[in-house]
Amino acid sequence: MTEGHVRAGYVLAVDFGGTKASLAAFDATGTVLASERLPIHAERGAEQAVARTVEVARSLVADVGAGTLLGSGVASPGIVLRDRVLLAPNVPGWSRLRLQDTFEDALGVPATCATDVKAAALAEARWGHLHGVHTGLHLNLGTGLALGVVVEGTVLTGAHGAGGEIGYNLLLAGDRAGPHDGHAPLEQRVGGGAIGARGREVGGDGDAASVFALARTEPAARAFLEETIDELAVHVANAAILVDPARITVGGGMARAADVVLAALKAVLDRAVPFPPELVTARFAQNGPLVGAAALAWDAVSR
């Protein structure tokens with residue numbers, strides 16, 4: 001997406017990530033009219049993160065000036081309901097947020113909210129590498145871990161909005177606690193946040209990027225990363241066996257190490273899946289939820 005001139009109308013997209021919030025105004029052609037980014041400061045709680053984001057949203061809308069704000073789309077971790085957010089334990093107080101009401105009150109236009117990974121899957125289905133694919137998966141490898149399932153251009157949500165939340169998959173050995181205990185066993189083992197935390201044992205700085213960098217030269221870090229990605233690959237392969245996708249797109253922060261991650265995933269997929277899917281880096285690998293939030297907003301406006 002590139003900066004461009006204001007068109008007749010536009011929507012505001014917001015993506016709350018694990019460490020930052022991203023905002024952008026999109027016109028109907030997908031051109032980015034203006035954008036902003038700010039840190040979440042998760043340790044300070046949810047209310048301040050949303051309040052600061054709302055202020056940036058108001059400022060961005062004022063800066064765009066010409067044109068008409070038609071609606072907004074908000075992508076968030078967890079299962080976003082009108083009066084709360086489920087399965088979002090990483091930021092204190094996030095479960096009590098009323099995101100739709102907050103943004104509608106602040107901006108004066110309708111707001112549409114969705115789970116971040118499902119928004120990213122919609123972006124890939126609408127304009128990315130899952131467009132025209134009958135059945136596909138979008139794998140998000142960021143601070144957290146989840147899949148989006150796309151069938152004939154539609155993102156499947158499941159009965160409760162939690163379809164594809166593989167971060168809650170159980171592990172063969174170890175902690176069997178689940179979401180009702182505040183645990184996401186697989187995410188807490190192989191998600192980006194977990195790799196950063198666990199990677200301190202092999203010399204990492206507390207973030208996944210430092211572990212990936214270290215693994216290129218240090219055998220202990222390389223062995224740790226290989227074991228971790230192999231465990232992730234088993235769960236991705238099981239999902240592929242269940243859904244039978246033609247293609248899997250990979251996005252999120254760990255997609256920056258595609259040469260390492262995709263090669264390891266592909267080896268297991270090719271070996272284990274009856275009809276191995278194509279595996280590619282997502283078109284919107286680093287901004288999928290934001291682009292998907294814009295798609296959600298435009299869909300709501302068109303209705």
Side-chain angles (χ1 to χ4, degrees), residues 18 87 115 117-118 120-121 124 129-130 133 135-151 156 158 162-179 181 183-199 201-202 204 208-209 211-212 214-215 219-282 285:
L87 304 183
T115 302
V117 177
K118 291 180 178 62
E124 290 300 315
H129 296 324
L130 293 181
V133 174
T135 304
L137 294 177
H138 176 70
L139 173 63
N140 180 75
L141 300 176
T143 304
L145 169 67
L147 280 171
V149 182
V150 176
V151 178
L156 304 187
E165 294 290 337
I166 65 168
Y168 291 95
N169 282 12
L170 296 178
L171 305 178
L172 183 60
D175 188 2
R176 295 298 180 90
D181 305 300
H183 290 259
L186 184 61
E187 180 175 293
Q188 291 168 355
R189 177 77 178 172
V190 305
I195 289 175
R198 294 174 55 233
E201 300 174 3
V202 294
V211 180
F212 276 93
L214 202 61
R222 186 180 307 115
F224 162 79
L225 205 53
E226 288 175 352
E227 179 183 358
T228 301
I229 297 175
D230 281 349
E231 185 160 14
L232 166 67
V234 169
H235 291 265
V236 175
N238 285 340
I241 292 169
L242 177 66
V243 177
D244 187 26
R247 181 178 296 160
I248 298 176
T249 56
V250 181
M254 287 167 58
R256 294 189 177 98
D259 58 327
V260 175
V261 175
L262 267 64
L265 293 177
K266 186 177 188 306
V268 176
L269 288 168
D270 287 351
R271 184 175 72 247
V273 180
F275 298 94
E278 182 184 8
L279 184 68
V280 300
T281 301

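Computed from heavy atoms alone, side chains included, the values below leave out hydrogens, waters and symmetry copies.
Every residue meeting the side-chain hydrogen bond (donor to acceptor under 3.5 Å, both in side chains) condition with His235, not counting sequence neighbours, appears here in chain and number order: Asn169.
Two residues are said to be in side-chain contact when any heavy atoms from C-beta on lie closer than 4.5 Å; Leu171 and Leu186 meet this criterion. The shortest distance between side-chain heavy atoms of Val236 and Val268 does not fall below 4.5 Å. Side chains of Val133 and Val150 form no contact here, defined as non-hydrogen atoms less than 4.5 Å apart.
Here the CZ atom belonging to Phe212 is positioned 13.0 Å from the CZ atom belonging to Arg222, to the nearest 0.5 angstrom. Taking CG from Leu265 and CG from Leu232, the interatomic distance works out to 5.5 Å, rounded to the nearest 0.5 Å.
Between Ala272 and Ile241, the shortest heavy-atom distance links the atoms O-CD1, 3.8 Å. Residues Asp270 and Pro276 share a closest heavy-atom pair of OD1-CB, 3.5 Å. Taking every heavy atom of both residues into account, Pro245 and Pro277 meet most closely at O-CB, 3.3 Å. The two residues Val211 and Gly204 come nearest to each other via the heavy atoms CG2-CA, 4.3 Å. In terms of heavy atoms, Ala233 sits closest to Ala264 at CB-O, 4.3 Å.
Checking side-chain atoms of Glu187 against main-chain N and O of Gly144 turns up no donor-acceptor pair under 3.5 Å. A distance-only check finds a donor-acceptor pair linking the side chain of Lys118 to the backbone of Gly163 [under 3.5 Å]. Side chain of Glu124 to backbone of His129: a donor-acceptor contact under 3.5 angstrom is found.
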What verdict does the side chain to side chain contact (heavy atoms under 4.5 Å, CB included) test give for Leu279 and Val250, after you've listed the backbone C-alpha separation in whole Å, the side-chain angles of each residue and the deciding distance to 0.1 Å? CA-CA 8 Å; Leu279 184 68; Val250 181; 3.8 Å; yes
For Leu269 and Ile248, run side chain to side chain contact (heavy atoms under 4.5 Å, CB included): C-alpha distance rounded to whole Å, both residues' side-chain angles, the deciding distance at 0.1 Å, then the answer. CA-CA 10 Å; Leu269 288 168; Ile248 298 176; 4.2 Å; yes
Verify side chain to side chain contact (heavy atoms under 4.5 Å, CB included) between Glu231 and Thr228, making sure each step is shown before the conclusion. CA-CA 5 Å; Glu231 185 160 14; Thr228 301; 5.9 Å; no
One pair to check against side chain to side chain contact (heavy atoms under 4.5 Å, CB included): Thr135 and Val243. What are the steps and the verdict? CA-CA 8 Å; Thr135 304; Val243 177; 3.6 Å; yes
Please tabulate, for the side chains in residues 136-143, all donor-acceptor contacts under 3.5 angstrom to protein atoms that are two or more places apart in sequence or on a different chain.
from, atom 1, to, atom 2, distance (Å)
His138, ND1, Thr249, OG1, 2.8

Using a 3.5 Å cut-off and no angle test, enumerate the donor-acceptor pairs between side-chain atoms of residues 192-199 and protein atoms at least two apart in sequence or in another chain.
from, atom 1, to, atom 2, distance (Å)
Arg198, NH1, Arg189, O, 2.8

